[in-house]
Amino acid sequence: MKKISLFLFLFAVLFVFSSKSNAQSYFTYDGTSFSVLLTCNTNNTQVIKVEFSYNNQWLPFDIIDYTNLEDVDGGGFAYTVKDGAGKKFIVDYYRTQDYIKVSNLETGEEWTLYRRAG
């Protein structure tokens, strides 16, 4: 019985450490028309996935370009993304204010989204 308990304990410890090493960070930004979910790598140095909300679903967008804006006043980054229909958007993150601006490259329309608490 002790061997089984020890084995289960070791398994639980290994599971906790492996899940922490592969953890990703998720940041949701909400606006009046839609929300954007950014998934970052384990040390928050790169956005690896961008999703927009539509009809209560998260739809993935392809990342097609990246611009590092850390040298610009306020810091941040900008990702150019493309939806399934080929429409392109820029997701521009403002680090010091912690919000994003999303711009439709076709129409020039722009939205400001603020990070969801939690």
Side-chain angles (χ1 to χ4, degrees):
M1 187 68 172
K2 284 184 178 182
K3 286 184 180 181
I4 292 174
S5 295
L6 180 62
F7 176 74
L8 289 174
F9 174 75
L10 289 175
F11 180 75
V13 168
L14 288 174
F15 178 76
V16 168
F17 282 116
S18 69
S19 65
K20 286 188 180 199
S21 67
N22 293 326
Q24 297 173 335
S25 298
Y26 301 92
F27 301 96
T28 305
Y29 291 84
D30 296 314
T32 55
S33 303
F34 59 92
S35 298
V36 171
L37 176 64
L38 303 177
T39 304
C40 297
N41 62 357
T42 54
N43 47 352
N44 290 336
T45 58
Q46 180 183 17
V47 173
I48 57 174
K49 191 174 178 183
V50 177
E51 298 173 82
F52 283 51
S53 65
Y54 180 74
N55 280 343
N56 296 319
Q57 294 183 49
W58 289 107
L59 301 175
F61 279 51
D62 294 327
I63 298 172
I64 57 175
D65 196 18
Y66 164 76
T67 304
N68 183 340
L69 301 173
E70 290 302 329
D71 294 337
V72 177
D73 187 36
F77 55 78
Y79 281 88
T80 304
V81 298
K82 182 172 63 170
D83 70 6
K87 294 180 184 172
K88 295 179 184 176
F89 299 84
I90 292 180
V91 176
D92 192 358
Y93 174 66
Y94 293 76
R95 183 173 309 287
T96 56
Q97 292 91 14
D98 195 20
Y99 68 86
I100 63 173
K101 284 192 177 185
V102 177
S103 304
N104 183 323
L105 290 178
E106 226 174 77
T107 66
E109 193 170 5
E110 186 176 273
W111 303 268
T112 302
L113 293 85
Y114 297 92
R115 183 148 55 126
R116 185 181 295 173

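Counting from 1, the numbers follow the sequence of the chain as shown. Note that the structure is a prediction, hence the values are computed from the model and not measured.
Distance check: D30 CG to R116 CZ gives 4.0 Å after rounding to the nearest 0.5 Å. Here T39 contributes atom OG1 and K49 contributes atom NZ; the two are 5.5 Å apart, rounded to the nearest 0.5 Å. A distance of 14.5 Å separates NZ of K101 from OH of Y29, quoted to the nearest 0.5 Å. For the atom pair CG of N44 and CD of Q24, the computed distance is 10.5 Å after rounding to the nearest 0.5 Å. Rounded to the nearest 0.5 Å, atoms CZ (F89) and CD (E109) are 9.0 Å apart. With values rounded to the nearest 0.5 angstrom, F77 atom CZ is found 7.5 Å from Y66 atom OH.
Here the closest non-hydrogen pair linking T28 and S35 is CG2-CB, 4.4 Å. W58 and V36 make their closest contact through CZ3-C, 3.9 Å (heavy atoms, listed as atom of the first residue, atom of the second, distance).
At a threshold of 4.5 Å between side-chain heavy atoms, the hydrophobic network of Ile, Leu, Val, Met, Phe, Trp and Tyr places F61 and F34 in one connected group.
Y79 and D92 share no side-chain donor-acceptor pair at under 3.5 Å.
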Can you list the steps and then say if V102 with F52 is a side chain to side chain contact (heavy atoms under 4.5 Å, CB included)?
CA-CA 10 Å; V102 177; F52 283 51; 3.9 Å; yes

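With Y99 as the partner, the ring pair (Phe, Tyr, Trp, His ring centres under 6.0 Å) test is satisfied by one option alone out of Y94, F27, Y93: Y94. The side-chain contact (heavy atoms from CB on, under 4.5 Å) test with V81 singles out one residue from I64, I90, I63, and that residue is I63.
Using a distance-only test at 3.5 Å, with no hydrogens or angles considered, no donor-acceptor pair links the side chain of D65 to the main chain of T80. Counting only distance, with no hydrogens or angles, the side chain of N68 and the backbone of E70 share a donor-acceptor pair below 3.5 Å. In this structure, N55 contributes its side chain and Q57 its backbone to no donor-acceptor pair below 3.5 Å.
In this structure, W111 and T32 have side chains that are not in contact, with every pair of non-hydrogen atoms separated by 4.5 Å or more.
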